[in-house]
Amino acid sequence: MTDRPPLVALDGVNKYFGSLHVLRDVTLSVGRGEVVVIIGPSGSGKSTLCRSINRLEPIDSGTIAVDGVPLPAEGRALAALRADVGMVFQSFNLFAHKTILDNVTLGPVKVRKLPRREAEQRARTLLDRVGIADQAGKMPAHLSGGQQQRAAIARALAMEPKVLLFDEPTSALDPEMINEVLDVMTSLARDGMTMIVVTHEMGFARRAADRVLFMDGGRVLEAGSPQEFFDNPQTDRARDFLSRVLHH
Amino acid sequence: MARRRHRLVPAVAGLAALLVAAACSSSAEPAERSATNVLAEVDQSAAVEQGPVGENLPLTPTVQRIRERGSLVAAGVLSSPVFALQDPATGRISGFDAGIAQLLAKYILGEPNVETKTSGAETRESLLQNGSVDVVVSTYSITEARDRLIDFSTPYYIAQSGIVVRSDETRIEDAGDLAGMKVATQPGAAEEALRRGIPEAEPILFETSSECLEALRQGRVDAWSQNNASLLSKIVQETDVMLLPATYGTVEFGIGMSEDDPEFKEIVDEFVRTIVADGTWQRLWDDTVGVVQDEPPVLPTPGSP
Amino acid sequence: MSVIADYQDELLGGMLTTIQLSIVTFPLAFVLGVLLSVLRLCPVPLLRAVGTAYVEVVRNAPVLVLIAVIVFGLPEVGLTIPLFTCVVVGLSMYFACYVCETVRSGIRSVSVGEIEAARALGLATSAVFRTVVLPQSLRSMVQPLATIFINIVLGSALGAAMGVHELTGTVRSVNLLEAQPILCFALAGLGYLVMTLTIGHTAGVIERRVRVVR
């Protein structure tokens, strides 16, 4: 792609949960502006992989680097790195005791030390962008799931991250709300945001991904463009997986 | 199992530290031991041995109850030196009041069988009124307010409040000087005497006389006051504190009884008159209060309060 | 009933002392308890052990013993503090254990996901604690904390045994002079009831106001 280093680079990453080997020699590099969608059956290690990139899950061996900087261990340096890596969770994880606006301004004010006025201004712009400007003063519990997840995306965007991680962002949503979230994500992808998305939404993968990764048993089994992967999967396991998710 | 032990270890270690601290603070008072030795001489048993047995006592409801039970139930305290102090090792209660209770039991039953129920100053009238105890023998000051609720025997002891100060004290010479001063005392009769005798003093209350003494030593209070005999018993071999010659507030102690059995009061009054007359009272005084106090006692004048 | 009129000043003074003891003790117990809970939850094993040891020892000692050690033990090492302060320190040290345990269970009630979200935003551990964990757990702790406050009010009666003339001690003294136990202790009960009901009611109001809807 370019001569600059990849934005996210994993090399020989291994991770165990006790005796369970959940990531096996995972090597991956994600370029600037690239949208990588990770799919695979549950238990394949795809969520763990996503969470290891900002060290919510520490790894046992291998290296992970973001923008050329290896992931620091716990401490200030790690916090600084996390500020540049946005994350959207399956269960939204909005701060229940703060309004939507305060959820979005918390990071910029506390971490980026932005003046409150400026942070609020930017937050309102972002809430407008994800389509929930009118919900700014409400508490999270008063919003629908789809609205909460869009607020969570705005919260991640407010940090102006270099890369956004999505960990099954639509899995906890009622079907009629999935699209409002996917639409926001698609528009982000179109605007050039670097994204790593763990999802079961094949339509989104086809539509928005630059590259699709298929994981099973802790390994990346396939990686390629959506066309290559969906039209001509190379492994039996990928074919098996696709036949199950696409024909139901 | 391993988990439980894990939680237990720090708890046990901490408790041990606390106990060591407690032991250290008591060994820091060498005089405590000597005072205890003096108190070991307080023994009313010989006086009780020679005590009288009442003859032809009328079978009042209280007497009947006591005889059926085979023991006298008396409310009292266990922490008043030379009056009623329990030896935690043997459980034996020694002192003047303990002797009075045993003598009364012997007078009624022929045997000095006393069952002591400990009570604070606040519950004594109620215990008598609801029949939980037969009598109160507990440095129980005869006052008008209490006399409205219960019956008192004729006075069996006349107490005077004394004042203990630090040896280097120069401001306090007699009771009048205590006005505006912090004075340590025990709740109950001692506090009452202080409040009545020197209303301008500020009583600082501690549960035990040892704590009063310690508070005086540490400078938390200016003086320590309670009945003279109790004071003497605690400080007899102390050098850093002294008992002032001055006393105040003569107080009479009586045996408390329920009002429901006026005939029983006559028996108890007769008992007090008898032991004063036959020398038992003097013997009891010699072996208890007399161990620490040299001045001869003021004998109660048998009569009606 | 003339007892009330005769001893009005003393009784009010006693009640005031009880209120002062409680009002000074509660915030101290709270701060100490939060610090203890931080120790008990922190990743450093030594600090965690210190926190655990403190709670296990102090909570399992009678409060009166604790206060007695402060009153009579500290002067042995050259530290004599006023009796009122001794009682406040003793009660604070003791009730801090309960605050600590309340805070700990309150913290456990905060969703792990929200903590992860805060960490993912780049908040340092202490900032996560201050901005997300503590405010949320405090909300779920309003009632348990009020119960601790009430226990402090009632526990302050131990001051009577250590030279601090609060409500219980005052009532006991009045009864000593007047021999009106039922009236006296009914008065004390009423005094405590007024204070504890006030705390309970206030806690209810605060809880309704700060409740986190999930």
K.L.:
Side chain, backbone, both or neither: which part of A/Leu94 has a non-hydrogen atom closer than 4.5 Å to chain C?
P.N.:
backbone
K.L.:
Using every non-hydrogen atom in the two residues, find where C/Leu123 and A/Leu106 come nearest and quote the distance to one decimal.
P.N.:
CD2-CD2, 4.2 Å
K.L.:
Considering all heavy atoms of both residues, which atom of C/Ala120 and which atom of A/Phe89 are nearest to each other, and what is their separation?
P.N.:
CB-CZ, 4.1 Å
K.L.:
Measure distances from A/Val85 to the heavy atoms of chain C and classify the residue's part below 4.5 Å as side chain, backbone, both or neither.
P.N.:
backbone
K.L.:
Tell me if the CD atom of C/Gln143 is crowded by more than 12 foreign heavy atoms within 6.0 Å.
P.N.:
yes
K.L.:
When rounded to the nearest 0.5 angstrom, what is the spacing between CG in A/Leu78 and CZ in C/Arg119?
P.N.:
8.0 Å
K.L.:
Looking at A/Arg76, I'd like to know if its CZ atom is crowded, meaning that more than 12 non-hydrogen atoms belonging to other residues, nucleotides or ligands lie closer than 6.0 Å.
P.N.:
no
K.L.:
Please check if atom NZ in A/Lys98 has more than 12 non-hydrogen atoms from other residues, nucleotides or ligands closer than 6.0 Å.
P.N.:
yes
K.L.:
What's the verdict on side chain to side chain contact (heavy atoms under 4.5 Å, CB included) for C/Glu116 and A/Arg51, showing C-alpha distance, side-chain angles and the deciding distance?
P.N.:
CA-CA 10 Å; C/Glu116 284 192 340; A/Arg51 290 164 55 83; 2.5 Å; yes
K.L.:
Sort C/Thr131 into side chain, backbone, both or neither according to what part of it lies under 4.5 angstrom from a heavy atom of chain A.
P.N.:
both
K.L.:
In sequence, state the C-alpha distance, the side-chain angles, and the governing distance for C/Leu121 and A/Phe95, and then conclude on side chain to side chain contact (heavy atoms under 4.5 Å, CB included).
P.N.:
CA-CA 12 Å; C/Leu121 280 177; A/Phe95 307 125; 4.0 Å; yes
K.L.:
For A/Ala96, does its backbone N or O pair with a side-chain atom of C/Glu114 as donor and acceptor, under 3.5 Å?
P.N.:
yes
K.L.:
Specify the closest pair of heavy atoms between A/His97 and C/Pro135, including all atoms of both residues, with the distance to one decimal.
P.N.:
CD2-CB, 3.7 Å
